[in-house]
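For clarity, every value in this text was computed on a predicted model and none was experimentally measured.
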Amino acid sequence: MRSPSIGRRARPAYPVLLLVAALAAGCGPGDRPTSAPGNSWQGPSALATGARPTAPAGPTASAAPPTPAPSATRTDLRHVFPVRAGNVDYHPTHSAYPGTDIFADCGEPVVAVTDGVILEVSRVDRFSKRGPLGPYNGGLSVSLLGDDGVRYYGSHLSAIATGVDAGVRVRAGQQLGKVGRTGNANNVCHLHFGLSPKCTGHDDWWIRRGVVWPAKYLDSWRRRGNRAPAAEVTAWQRRHGCPKAPSDSAAAG
């Protein structure tokens, strides 16, 4: 994972130090993409450009139960960069599977990429170096089922916003949590970001962590563009379906 970073702001040595630290992080080697195993993810019960405008933070009043993946025919959906911060950096690639690590200070806001319904929330850090590897590596995590049918996943959070629970509807730019270093983040503040189809919604961490490369979409959103990942995610699912198990014992972010 020695790819050059993209979207780098001219800041002191902050991104360089983080990139070096991230190479040793648990989000790193050993992961395998498109098919990797699953233990149950037990649910409850962040780098954006500073210039990126976002919708008001705080959960909306609606709390409808999660619905099946909506039709990807909507073309009016707004997309925003998943972290609202001034000092941000991220990789164009991510160790052995499609995903992106977005580096920012711990505590920076993590926001909803687009309109949708909260699908999964993990408010407790159950990660242990003794295992199992995979199901709990994300630490505090949130996934959003966008109205475009894409599941947007963010992990290693330090906190989840009050009222952000499964079934709650959110808007693009609404705060979901804060950048952190829970799970296997290896003490490096960053957001692991993944794009995937909904599939089972639970017990599929090897899909949820990411199946298509997010960098080109992050590049667009950072420039105030609106490039949509729905077509690529849908095409991936048509080719692969929803693998029921990973191909090996790889770790996950």
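Counting heavy atoms from C-beta outward, K129 and N184 have side chains that stay 4.5 Å or more apart. Taking the side chain as every heavy atom from C-beta outward, C189 and D105 never approach each other to under 4.5 Å. Counting heavy atoms from C-beta on, the side chains of P82 and W221 come closer than 4.5 Å. The side-chain heavy atoms of V113 and Y217, taken from C-beta on, include no pair separated by under 4.5 Å. Here the side chains of H240 and V211 are not in contact, with every heavy-atom distance at 4.5 Å or above. Using a 4.5 Å cut-off on side-chain heavy atoms (C-beta onward), H79 and P229 make contact.
Interatomic distance, CZ of R84 versus NZ of K178, reported as 11.0 Å (0.5 Å rounding). Between the CG atom of D147 and the CG atom of D76 there is a distance of 9.0 Å, given to the nearest 0.5 Å. Here the CG atom belonging to L191 is positioned 15.0 Å from the CZ atom belonging to R181, to the nearest 0.5 angstrom. Within the model, atoms CD of E108 and CG of N87 stand 8.5 Å from one another, a figure rounded to the nearest 0.5 Å. Separation of atoms OG (S122) and CG (L157) is listed at 9.5 Å; rounding is to 0.5 Å. Atoms CH2 and NZ, from W206 and K244 in turn, are 8.5 Å apart once rounded to the nearest 0.5 Å.
The backbone N or O of G183 lies less than 3.5 Å from no partner atom in the side chain of N137, so there is not a single donor-acceptor pair. Not a single donor-acceptor pair under 3.5 Å links the side chain of T182 to the backbone N or O of G139. Listed for the N186 side chain is no donor-acceptor partner under 3.5 Å among the backbone atoms of V188.
Scored by the side chain to side chain donor-acceptor pair (under 3.5 Å) test, T100 finds no partners at all (sequence neighbours excluded). Legend: residues meeting side chain to side chain donor-acceptor pair (under 3.5 Å) with Q237, ordered by chain and number and at least two apart, are absent.
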For a side-chain contact (heavy atoms from CB on, under 4.5 Å) check, start with the C-alpha distance between S141 and Y153, then their side-chain angles and the critical distance, and finish with the verdict.
CA-CA 7 Å; S141 314; Y153 171 66; 3.6 Å; yes
Report the C-alpha distance between S196 and R208 in whole Å, list the side-chain angles of each, state the deciding distance to 0.1 Å, and finish with yes or no for side chain to side chain donor-acceptor pair (under 3.5 Å).
CA-CA 6 Å; S196 68; R208 182 177 62 234; over 6 Å; no
For I102 and V179, run side-chain contact (heavy atoms from CB on, under 4.5 Å): C-alpha distance rounded to whole Å, both residues' side-chain angles, the deciding distance at 0.1 Å, then the answer.
CA-CA 9 Å; I102 304 175; V179 172; over 6 Å; no
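Minimum heavy-atom separation, W236 to G241: CZ3-O, 3.4 Å. The minimum heavy-atom distance linking R151 with D204 is given by the pair NH2-OD2, 2.8 Å. Of all the heavy atoms in S155 and G138, the pair that sits closest is CB-O, 3.4 Å. Between I118 and L144, the shortest heavy-atom contact is N-CD1, 4.0 Å. Taking both residues in full, the closest heavy atoms of L77 and N226 are given as O-ND2, 2.8 Å, listed atom of the first, atom of the second, then distance. For the pair V117 and R169, the tightest heavy-atom approach, listed with the atom from each and the gap, is CG2-NH2, 3.6 Å.
Aromatic ring pairs are classed by plane angle as parallel below 30°, tilted from 30° to 60° and perpendicular above 60°; the pair F103 and H190 is tilted.
In this structure, W213 is not a member of the same hydrophobic cluster as Y152, with clusters built from ILVMFWY side-chain heavy atoms closer than 4.5 Å.
A salt bridge links D165 to R123: one of the charged nitrogens lies within less than 4.0 Å of a carboxylate oxygen.
More than 12 heavy atoms of other residues, nucleotides or ligands sit less than 6.0 Å from atom CZ of R239.
Each of D115, T114, V111, V80 was checked for a side-chain contact (heavy atoms from CB on, under 4.5 Å) with R171, and the lone residue meeting it is D115.
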